[in-house]
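Okay, so here's the structure we're looking at.
Everything quoted here is computed from the prediction, not taken from an experiment. Below, chain A is the first sequence line, B the second, and so on; all start at residue 1.
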Protein chains: 2
Amino acid sequence: MATRQNTLRAKTNDGAEAKRKAARRPRAKADGSPPIDRRELILAVATRRFAEYGFEATTVRQIADDVDILSGSLYHHFATKEEILEEIVRDAILQSRDDAQRIAELPLDAEQRFVALLMTELHRLTESQEVYAIAFNERKFFRRSEYFSYLSKAKKDAYEAWSAVLSDGVREGLFHPELDIYLTISTVIRMLNAGADWYKNEDGSQIDAIANYSLDKLLDFYLGYVLRAIRAPTRAGEAIPHPTIEL
Amino acid sequence: MATRQNTLRAKTNDGAEAKRKAARRPRAKADGSPPIDRRELILAVATRRFAEYGFEATTVRQIADDVDILSGSLYHHFATKEEILEEIVRDAILQSRDDAQRIAELPLDAEQRFVALLMTELHRLTESQEVYAIAFNERKFFRRSEYFSYLSKAKKDAYEAWSAVLSDGVREGLFHPELDIYLTISTVIRMLNAGADWYKNEDGSQIDAIANYSLDKLLDFYLGYVLRAIRAPTRAGEAIPHPTIEL
DNA sequence: GTCTATAAAGAGATAGAC
DNA sequence: GTCTATCTCTTTATAGAC
């Protein structure tokens with residue numbers, strides 16, 4: 001495995017984007033058959049496996065079994081197991097970064113932008129929870145691999161956007177003057193990931209008290225939780241907004 | 001792999017506790033040589049590996065290399081790779097449960113007990129961060145394995161203790177009357193795990209803003225964060241306690 | 001696009017000499 | 001308690017027939 005990882009590390013990722021575009025576009029089908037091609041199916045089952053068992057613990061055979069082909073046939077669609085992983089998480093991570101950067105630039109006050117960041121992130125997280133869980137759980141793997149470094153970079157850029165919004169809020173007097181921005185963001189991001197994980201996988205744990213939660217209720221919970229924690233003391237009494245998730 | 005897992009699943013864990021006691025007690029050494037025996041060394045390097053790369057991604061050969069013996073020799077000390085994992089996380093998980101149950105019974109008001117729970121957990125987490133990170137990251141693995149079910153059970157018991165304290169707080173009027181206990185606990189537990197991970201592994205991420213945080217500051221941060229979120233609205237103005245971690 | 005067949009390496013684990 | 005040697009199975013990945 002070490003050998004193969006080194007090979008990957010040496011690989012460059014330049015020009016990969018163009019190649020991907022061509023490879024991923026589902027061929028226009030003239031007939032009325034479902035648009036899900038083989039490649040998409042493989043990605044779907046791999047996503048489930050990676051989310052549940054982790055990338056390294058999942059074997060290509062398991063993936064192949066799930067789509068009822070032999071493991072060797074997978075390599076007609078993907079060059080390596082790593083490429084499957086990349087295909088799964090790439091768009092989600094880049095999109096999440098784009099969201100954050102776009103929202104950070106909106107002509108709104110810092111708290112409104114922060115609420116928008118939180119809403120959007122939670123929306124994406126629950127919409128594609130498995131994908132984001134993989135992106136989160138394999139973060140150390142990405143960090144070790146040069147091939148995946150652009151994903152770590154994208155995550156960093158998203159962090160910078162969140163950071164700018166929080167800084168603005170402190171400057172504007174909306175947030176606590178001694179707010180620890182770094183701790184706040186890392187805490188919130190991980191809280192949302194964990195929350196979405198729990199939301200989508202309900203009874204994964206042995207804990208019994210499983211009530212019925214709507215996504216809006218989850219949003220309310222986190223919003224109240226976070227805003228009460230970061231607002232300036234003078235604003236302690238202000239109401240917590242209750243937006244509904246609807247992008 | 002599936003084969004081996006099935007074998008494990010079939011195994012029972014009864015009477016293992018007594019066996020462990022004998023096996024783990026470091027032999028009394030008459031000479032003045034360091035008390036760290038081979039077995040402890042193996043556990044130490046395995047802990048580092050499991051925390052960094054995950055249990056399944058770590059090979060017994062890597063562990064053996066780290067202690068400069070051959071992989072086969074590991075099996076003089078441990079019957080299986082799983083046994084190494086168990087040895088690493090068992091005491092921490094059981095101790096954490098014992099802590100929680102003991103604190104939940106203390107003759108203090110609910111907020112004081114909650115603060116104690118939080119302090120103690122954070123203390124343990126930072127003291128043995130790698131161990132707790134493994135326990136947390138491999139939770140799905142534990143849940144799938146009958147052999148490890150007693151660990152999932154212990155975690156559930158700890159949850160019940162936290163839950164009792166929060167319920168008391170709601171009943172006593174100290175905490176928000178509509179506090180969602182389940183969400184709060186799972187959020188706080190994961191937040192602490194993530195925080196301790198970050199605290200011990202500082203620049204694991206690409207994010208640059210690494211200041212110097214003391215453990216007490218970290219505790220302050222989380223305590224303020226959580227208490228502001230869960231306290232009854234009428235208590236919004238009350239000061240956040242600033243205990244120092246010193247068990 | 002999938003199959004058969006297989007290579008090449010690595011995995012966890014064991015037996016017995018020392 | 002470690003080594004030598006090895007077993008057995010699994011892993012990722014490839015080559016070429018269909």
Side-chain angles (χ1 to χ4, degrees), chain A residues 1-11 23-24 26-27 29 31 33-34 36-43 45-46 49-50 53-87 141 145 147, chain B residues 1-11 23-27 29 31 33-43 45-46 49-50 53-87 141 145 147:
Chain A
M1 171 185 294
T3 315
R4 208 149 12 225
Q5 278 187 357
N6 285 332
T7 312
L8 257 179
R9 255 184 270 254
K11 239 200 262 177
R24 288 208 34 181
R27 298 136 310 155
K29 290 202 162 192
D31 55 38
S33 69
I36 295 173
D37 63 4
R38 223 81 182 103
R39 187 185 169 85
E40 295 300 319
L41 183 58
I42 293 167
L43 288 175
V45 306
R49 286 275 178 187
F50 291 167
Y53 301 97
F55 171 71
E56 315 215 42
T58 299
T59 71
V60 293
R61 267 208 243 288
Q62 292 168 332
I63 298 172
D65 282 353
D66 288 348
V67 296
D68 268 318
I69 58 176
L70 294 195
S71 66
S73 306
L74 277 185
Y75 290 87
H76 173 77
H77 302 276
F78 301 92
T80 64
K81 189 182 161 192
E82 270 86 359
E83 195 181 296
I84 301 180
L85 175 61
E86 186 188 15
E87 207 78 347
F141 183 80
S145 161
Y147 180 73
Chain B
M1 173 186 292
T3 315
R4 219 164 346 243
Q5 278 187 358
N6 285 332
T7 312
L8 256 178
R9 256 184 269 257
K11 239 199 260 176
R24 291 206 33 178
R25 189 181 306 124
R27 299 138 309 160
K29 291 202 161 193
D31 54 39
S33 69
I36 295 173
D37 63 4
R38 224 75 185 109
R39 186 186 170 88
E40 295 300 319
L41 184 57
I42 293 168
L43 289 175
V45 306
R49 286 273 178 190
F50 291 166
Y53 301 97
F55 171 69
E56 315 213 40
T58 299
T59 71
V60 293
R61 270 182 172 78
Q62 291 169 333
I63 298 171
D65 282 353
D66 288 348
V67 296
D68 268 317
I69 59 175
L70 294 193
S71 66
S73 304
L74 278 184
Y75 290 87
H76 173 76
H77 302 277
F78 300 93
T80 65
K81 189 182 162 192
E82 270 86 0
E83 194 181 297
I84 301 181
L85 174 61
E86 186 188 14
E87 206 78 348
F141 183 80
S145 161
Y147 180 72

TODO: For A:Phe78 and D:dT12, give me the distance from atom CZ to atom P, rounded to whole Å.
DONE: 15 Å

Open item on the list: Could you tell me how far apart B:Tyr75 (OH) and D:dA5 (C1') are, to the nearest whole angstrom?
Closed with: 16 Å

- [ ] Rounded off to whole Å, could you give me the CZ-to-P distance for the B:Arg49 and C:dA11 pair?
- [x] 11 Å

- [ ] Find out whether B:Phe141 and B:Glu82 are in side-chain contact, i.e. whether some heavy atom of one side chain is under 4.5 Å from a heavy atom of the other.
- [x] yes

Task: Closest approach of A:Thr80 to A:Tyr75 (non-hydrogen atoms, all atoms of both residues) - done: CA-CE2, 4.2 Å

Task: Short side-chain donor-acceptor distance under 3.5 Å, B:Tyr53 and A:Glu56 - done: no

Open item on the list: Rounded to whole Å, how long is the line connecting atom CD of A:Glu83 with atom P of D:dT12?
Closed with: 15 Å

- [ ] Just jot down the ring pair (Phe, Tyr, Trp, His ring centres under 6.0 Å) partners of B:Phe50, sequence neighbours excluded, or say none.
- [x] B:Phe55

- [ ] Report the distance from atom CG of B:Leu41 to atom C1' of D:dG1, rounded to the nearest whole Å.
- [x] 14 Å

Task: Atom-pair distance (CG on B:Asp65; C1' on C:dG10), nearest Å - done: 13 Å

- [ ] Please report the closest heavy-atom contact between B:Lys81 and B:Thr58, naming both atoms and the distance.
- [x] NZ-O, 2.7 Å

What pairs of nitrogen or oxygen atoms, one from the protein and one from nucleotides 2-4 of chain D, lie under 3.5 Å apart?
from	atom 1	to	atom 2	distance (Å)
D:dT2	OP1	B:Arg38	NE	2.3
D:dT2	OP2	B:His77	NE2	2.8
D:dC3	OP2	B:Leu70	N	2.8
D:dC3	OP2	B:Ser73	OG	3.3

Task: B:Phe55 CZ - C:dA11 C1' separation (whole Å) - done: 12 Å

Task: Atom pair distance, as rounded to whole Å: CZ in B:Arg61 and C1' in D:dT10 - done: 13 Å

What donor-acceptor contacts under 3.5 angstrom involve side-chain atoms of residues 64-73 of chain B, with partners at least two apart or in another chain?
from	atom 1	to	atom 2	distance (Å)
B:Asp66	OD1	B:Arg49	NH2	3.3
B:Asp66	OD2	B:Arg49	NE	2.9

